[in-house]
Protein chains: 2
Amino acid sequence: MRILVVEDEPKVASFIRRALEEESYAVDVCTDGTGGLDWAQAVDYDLIILDLMLPGLPGVEVLRRARAAGVKAPVMILTARSEVDQRVKGLDAGADDYLTKPFAIEELLARARALLRRAGGAPTGILRVDDVVLNPVTREVTRDGQRLEFTTKEYALMEYLMRNAGRVLTRSMIAEHVWDLDFDTFTNVIDVYISYLRNKIDKGRERSLIQTIRGSGYMMRSDG
Amino acid sequence: MRILVVEDEPKVASFIRRALEEESYAVDVCTDGTGGLDWAQAVDYDLIILDLMLPGLPGVEVLRRARAAGVKAPVMILTARSEVDQRVKGLDAGADDYLTKPFAIEELLARARALLRRAGGAPTGILRVDDVVLNPVTREVTRDGQRLEFTTKEYALMEYLMRNAGRVLTRSMIAEHVWDLDFDTFTNVIDVYISYLRNKIDKGRERSLIQTIRGSGYMMRSDG
DNA sequence: CTTCGACAACGAGAATACGCATATTAATGA
DNA sequence: TCATTAATATGCGTATTCTCGTTGTCGAAG
């Protein structure tokens, strides 16, 4: 699986690269529109992640030309929250999904997986802890066969916990993986969302699947 | 284990501090080079994390002077990716490791552990005294295979004792490595926590693993 | 060997920090 | 607009940390 990231902010770019690489994708990063277009045509990527705010050639134009040149790879566009019309233009120009900045890296990964699957069979990698089953591809979570509904944030947190079942995850780690770059340390959102998850997962059970490690963070109980 | 962080960006600094504290290290933060140098000389740190881009005194200079003044603590350098020149790579400024920004907090933690381990002379990282085993990564302590539960402070003290098994540790040394800057000398918290540890470790044994050195401090018995 | 003083150990309770739930406010999208 | 989700603020209960007074122990001097 090879992914092209076209993003001019070095900070964001390297953050995305790292995250994707950790998921064992091969990643190429390009910092300007023209170069991105060149690469998109030169290599048969499985996915292209494209920032719309680019120096030189605007993102929408990159996309349009790439499609015109026969690039088939699914494209995920990144936009600022305010640039709604840009987003629309992007989708018109042939994008398959969009993500607004700032975003949580887990969300980007989840969507990337979805796009890759749609394009052609990515590995399933179903996560299972106790009788909770999480399917990262469909984003479905069940307990005891019963479907559980999560919001985006809740799901991202859930997936992160499941992926690291049996390991202690400190709040810093959770912040870094589930929230975005400028996370305020002096807040209790994480606690609150853990509480949301527990409400949905553990309703009416005596022992929570998510354990609190006082002074450090949380841990998803692993089997046994 | 006490760590000095010299970093001027408040956001980054507090993020690092938090992550380290969640791993039960005692952490001091300094926002300028001159102050950092002073602290490095004043306190016997187990690790120093040093940003190279600092107001006032540049990081490399802080490091050079600290080494000249006889500071032995391992030093991890933080630097922007673009500023990694040969000197930094060769680590000939006297650093023991370097990390480029931006970085994943887990990587910083992992490297910190590695440096502390190297300095502590434990090749595997796992500390063992008699039948007590302490794993700094998972922060699990067992005696005879039996899991022992510690609070954050208890664990920090325990790790410090284990790392220095066979060596007499005075109360001031313990205070310096396990408690923070404003430690009240006229208190007996240390004695109290030693007692807590003994309760948990030595329950029902005749000879304590932790020996009292009357008039000086305490010592973790080393094997034999 | 005894006595005394200094030091350490212990127990109990006060103070604090932390996690959790709930309510409230803010942002986002239909 | 309203409904849904995200984030913040606050109050409460409890685990942890610390203080303090008392009891116990060690060791040196008499």
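Keep in mind that this is a model prediction, so the values were computed, not measured. Every chain is numbered from 1 and lettered A, B, ... according to where its sequence line falls, protein lines coming before strand lines.
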(request) Mind jotting down which residue pairs meet the ring-ring contact (aromatic ring centres under 6.0 Å, His included) criterion with at least one end in residues 144-174 of chain B? Sequence neighbours excluded, please. (result) B/Tyr160-B/His177
(message) Please encode protein proximity along nucleotides 10-17 of chain D as a string of B, S and -, counting only heavy-atom distances under 4.0 Å.
(response) B----SSB
Within [range] or reaching into it, pairs that qualify as salt bridge (charged side-chain N to carboxylate O under 4.0 Å, His left out) - sequence neighbours excluded:
range	answer
residues 33-50 of chain B	none
residues 172-188 of chain B	none
residues 106-119 of chain B	A/Arg18-B/Glu107, A/Arg167-B/Glu106, B/Glu23-B/Arg113, B/Asp97-B/Arg111, B/Glu107-B/Arg111

(request) Go through the structure and list residues passing salt bridge (charged side-chain N to carboxylate O under 4.0 Å, His left out) with A/Arg128, not counting sequence neighbours. (result) none
(message) Measure CD1/B/Ile213 against C1'/D/dG27 and give the value in whole Å, please.
(response) 15 Å
(message) In whole Å, I'd like the distance from the CG atom of B/Asp182 to the P atom of D/dT19.
(response) 11 Å
(request) Would you confirm whether the ring centroid of A/Trp179 sits within less than 6.0 angstrom of the ring centroid of A/Phe103? (result) no
(message) Do the side chains of B/Arg171 and B/Asp191 get close enough for a salt bridge, i.e. N-O under 4.0 angstrom?
(response) yes
side-chain hydrogen bond (donor to acceptor under 3.5 Å, both in side chains) partners of [X], counting only residues at least two apart:
X	value
A/Thr212	A/Arg198
A/Ser195	none
A/Arg67	A/Asp96

(request) Could you list by number each residue of residues 100-111 of chain A showing a heavy-atom separation from DNA chain C of less than 4.0 Å, or answer none if no residue does? (result) none
(request) Using heavy atoms and a sub-4.0 Å distance, could you list which residues of residues 163-178 of chain B are near DNA chain D? By number, please. (result) none
(request) Check whether more than 12 heavy atoms from other residues, nucleotides or ligands sit under 6.0 Å from atom CE of A/Met219, and answer yes or no. (result) yes
(request) Taking heavy atoms of chain A and a 4.0 Å limit, find me the 5'-most and 3'-most nucleotide of DNA chain C within that range. (result) C/dC18 to C/dT28
(request) Measure the shortest side-chain to side-chain distance between A/Tyr196 and A/Thr151 over non-hydrogen atoms and say whether it is less than 4.5 angstrom. (result) no
(request) Give a yes/no on whether any side-chain N or O of A/Thr187 is located under 4.0 angstrom from OP1 or OP2 of D/dT8. (result) yes
(message) Can a side-chain donor-acceptor contact be found between B/Thr31 and B/Asp8 if the only test is distance below 3.5 angstrom?
(response) no
